[in-house]
Amino acid sequence: MGTEVIAALREKLKLGWSPVQISGHLKHHGNPSVSHETMYKYIWKDKQSGGLLFRYLRRKGKKYNKRAKQNAGRGFIPNRVDITLRPDIVEDKTRLGDWELDTIIGARHKGAIVSMVERSSKLTKLVRVPRKTAKLVAEALCKSLKPIEAFVHTLTSDNGKEFAYHESVSAALSAGFYFAAPYHSWERGLNEHTNGLVRGYFPKSTNFLEVTEEQVLEVENLLNNRPRKILGFETPLERFTRVSENML
């Protein structure tokens with residue numbers, strides 16, 4: 001960002017403005033403008049270098065700072081970025097490219113499925129992994145989402161240790177990676193709902209080591225080609241395809 005934008009960002013944050021408001025205000029008045037996502041990234045980098053800009057965010061930067069220093073949730077995750085720092089636009093579910101993540105565990109912890117759901121189109125990606133390790137989960141995320149990297153802006157998961165490689169995933173996909181507050185499953189409500197749909201095909205008694213990749217792909221296709229009332233009875237695949245083609 002240019003020096004003028006940085007100066008405006010620092011000034012307006014102290015007045016209680018959000019990055020969305022700052023970016024929009026600059027653009028409205030014909031000044032040099034930068035997207036609010038870029039402003040958030042600047043704030044995160046400032047925090048990592050010891051800066052205090054994050055404390056001016058309206059979503060309680062101090063709360064995030066406290067969690068980052070503690071063993072939040074089910075296990076300590078290095079350099080965890082809290083959901084309170086996620087761009088406001090994600091909440092609107094209006095743009096394509098904001099994903100919720102989780103793992104579905106097999107019976108007696110035999111294998112797992114990494115589930116990914118895009119918030120606006122409801123498109124689902126499912127990848128089977130033999131073990132729920134951070135390395136395998138990161139590889140599954142990158143393998144599945146890299147082909148559509150242009151439509152991956154943010155990733156939001158729970159605090160499971162299997163997402164400990166979030167920084168490598170974020171770098172590989174050029175996307176922000178955020179963690180929901182511990183025990184706040186509603187912050188990934190779409191993903192929780194989708195996992196329930198997956199369980200309709202793979203109940204909790206399922207040993208995922210005995211499930212083939214073809215079977216997982218079949219369930220993914222069934223979910224993506226099922227009309228959804230919330231989408232005006234488009235299927236997730238139809239909505240994702242239509243919107244993504246218009247964006248290219």
Side-chain angles (χ1 to χ4, degrees), residues 1 35-51 54 64-65 67-87 89-90 95-106 109 111-119 123-182 184-185 187-188 190-191 194-195 208 213 216-217 220 244:
M1 296 192 300
S35 71
H36 61 274
E37 288 96 340
T38 299
M39 291 182 177
Y40 272 108
K41 289 179 181 178
Y42 179 86
I43 295 170
W44 304 329
K45 288 182 179 179
D46 177 77
K47 179 181 183 299
Q48 291 170 356
S49 63
F54 72 96
Y64 162 68
N65 190 42
R67 284 179 181 161
K69 293 181 179 179
Q70 296 179 348
N71 294 356
R74 291 184 279 135
F76 176 67
I77 298 176
N79 299 318
R80 175 186 178 279
V81 181
D82 195 82
I83 194 172
T84 54
L85 291 183
R86 193 174 66 176
I89 192 174
V90 180
R95 73 171 180 180
L96 199 67
D98 298 304
W99 297 77
E100 296 180 10
L101 315 175
D102 201 2
T103 50
I104 305 171
I105 311 304
H109 294 273
I113 290 178
V114 182
S115 67
M116 300 151 263
V117 190
E118 200 283 314
R119 286 170 62 89
L123 190 79
T124 299
K125 294 281 189 179
L126 303 173
V127 180
R128 183 182 65 87
V129 292
R131 297 180 306 283
K132 194 185 69 169
T133 65
K135 182 176 185 295
L136 291 176
V137 169
E139 290 175 351
L141 292 172
C142 292
K143 179 181 179 181
S144 185
L145 296 177
K146 189 65 177 179
I148 54 171
E149 180 182 1
F151 309 108
V152 182
H153 302 308
T154 67
L155 305 162
T156 303
S157 75
D158 66 8
N159 295 276
K161 290 183 179 180
E162 66 269 28
F163 296 110
Y165 285 9
H166 63 98
E167 290 178 293
S168 63
V169 175
S170 179
L173 299 174
S174 300
F177 202 119
Y178 308 90
F179 290 85
H184 285 205
S185 60
E187 293 180 335
R188 299 176 302 99
L190 175 62
N191 199 210
T194 302
N195 289 351
F208 286 132
E213 293 182 1
V216 174
L217 181 60
E220 176 185 305
S244 63

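Just so you know, these numbers use all the heavy atoms, side chains as well, and skip hydrogens, waters and symmetry mates. This structure is a prediction, so every number in the text was calculated from the model and none was measured.
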**Q** Rounded to the nearest 0.5 Å, how far apart are NE2 of His184 and CD1 of Ile83?
**A**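 Rounded to the nearest 0.5 Å, the NE2-CD1 separation comes to 10.0 Å.
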**Q** Taking Ala140's backbone N and O only, do any of them form a donor-acceptor pair with Ser144's side chain (distance below 3.5 Å, no angle check)?
**A**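 Not a single qualifying donor-acceptor pair exists.
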**Q** What do you reckon, is CZ of Phe151 surrounded by more than 12 foreign heavy atoms closer than 6.0 Å?
**A**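 Counting neighbours around CZ of Phe151, more than 12 heavy atoms of other residues, nucleotides or ligands fall under 6.0 Å, so yes.
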**Q** Measure the spacing between CZ of Arg119 and CG of Asn191 and express it to the nearest 0.5 Å.
**A**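 CG of Asn191 is found 10.5 Å from CZ of Arg119.
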**Q** Between Thr154 and Arg86, do the side chains contain an N or O donor and an N or O acceptor separated by less than 3.5 Å?
**A**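 Their side chains do not contain a donor-acceptor pair, so the 3.5 Å distance test is not met.
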**Q** Does some side-chain heavy atom of Leu101 sit less than 4.5 Å from a side-chain heavy atom of Leu141?
**A**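 Heavy-atom side-chain distance check passes, below 4.5 Å.
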**Q** So does Glu139 pair up with Lys143, basic N to acidic O under 4.0 Å?
**A**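 Answer for the salt bridge query: no.
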**Q** If we only count heavy atoms from C-beta on, is the Val152 to Trp99 side-chain gap below 4.5 Å?
**A**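 Yes. Closest side-chain heavy atoms under 4.5 Å.
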**Q** Do any N or O atoms from the side chain of Glu100 and from the backbone of Thr156 form a donor-acceptor pair under 3.5 angstrom?
**A**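 No.
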**Q** Write down the atom of Asn159, the atom of Ala181, and the distance for their closest heavy-atom approach.
**A**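 Asn159 and Ala181 have their closest heavy atoms at ND2-C, 3.9 Å.
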**Q** Could you tell me whether the side chain of Ile148 reaches within less than 4.5 Å of the side chain of Lys125, counting heavy atoms only?
**A**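 Yes, close enough: below the 4.5 Å cut-off.
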**Q** Side chains of Val127 and Ile113, heavy atoms from C-beta outward: is any pair under 4.5 Å?
**A**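 Contact flag for Val127/Ile113 side chains = no.
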**Q** Under 3.5 Å, is there a donor on one side chain and an acceptor on the other for Asp102 and Ser115?
**A**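 No, no side-chain donor-acceptor contact under 3.5 Å.
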**Q** Enter the distance from Leu136:CG to Tyr165:OH here, rounded to the nearest 0.5 Å.
**A**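 With rounding to 0.5 Å, CG (Leu136) is 9.5 Å from OH (Tyr165).
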**Q** Is there a donor-acceptor pair closer than 3.5 Å between any side-chain N or O of Asp98 and the backbone N or O of Glu118?
**A**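 Answer holds: no.
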**Q** Tell me if the aromatic rings of His166 and Tyr178 count as close, with their centers under 6.0 Å from one another.
**A**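 Ring centroids of His166 and Tyr178 are no less than 6.0 Å from each other.
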**Q** What are the two closest heavy atoms between Ala138 and Ser168, and how far apart are they?
**A**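 What the structure gives for the nearest pair is CB-OG, 4.4 Å.
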**Q** Measuring from atom CG of Asn195 to atom CZ of Arg188, what distance do you get when rounded to the nearest 0.5 angstrom?
**A**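 If I round to the nearest 0.5 Å, the distance is 7.5 Å.
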**Q** How about Phe177 and Ser157: do any of their side-chain heavy atoms sit closer than 4.5 Å?
**A**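 Yes, at least one pair of side-chain atoms sits under 4.5 Å.
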**Q** Checking Glu162 against Thr103: is there a side-chain donor and acceptor pair closer than 3.5 Å?
**A**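 There is such a pair (donor and acceptor under 3.5 Å, judged by atom type) between the side chains of Thr103 and Glu162.
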**Q** Which atoms form the tightest heavy-atom contact between Glu37 and Pro87, and what is the distance?
**A**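 Of all heavy-atom pairs spanning Glu37 and Pro87, the closest is CG-CG, 4.1 Å.
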**Q** For Pro78 and Glu167, which heavy atoms make the closest approach, and how far apart are they?
**A**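 For Pro78 versus Glu167, the nearest heavy atoms are O-OE1, 4.4 Å.
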**Q** Could you grab the distance from atom CD1 of Ile77 to atom NZ of Lys161, nearest 0.5 Å is fine?
**A**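 The NZ atom of Lys161 is 9.5 Å from CD1 of Ile77, to the nearest 0.5 Å.
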**Q** Under a 3.5 Å distance rule, please check whether Glu220 uses its side chain to pair with a backbone N or O of Leu126 as donor and acceptor.
**A**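 It does hold such a pair.
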**Q** Write down the atom of Ala172, the atom of Lys146, and the distance for their closest heavy-atom approach.
**A**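 Between these two residues, the closest heavy atoms are O-NZ, 2.7 Å.
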**Q** Quick check: closest heavy atoms across Phe179 and Phe163, and the distance to 0.1 Å?
**A**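 Heavy-atom minimum between the residues: CZ-O, 3.6 Å.
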**Q** Given side chains that start at C-beta, do those of Arg95 and His153 come closer than 4.5 Å, heavy atoms only?
**A**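 Yes, close enough: below the 4.5 Å cut-off.
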**Q** Give a yes or no on whether the backbone of Val216 and the side-chain of Arg128 come within a donor-acceptor separation of less than 3.5 Å.
**A**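 A pair under 3.5 Å: no.
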**Q** Could you measure the distance from the CG atom of Leu123 to the OG atom of Ser244? Nearest 0.5 Å is fine.
**A**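 Answer rounded to 0.5 Å: 9.0 Å.
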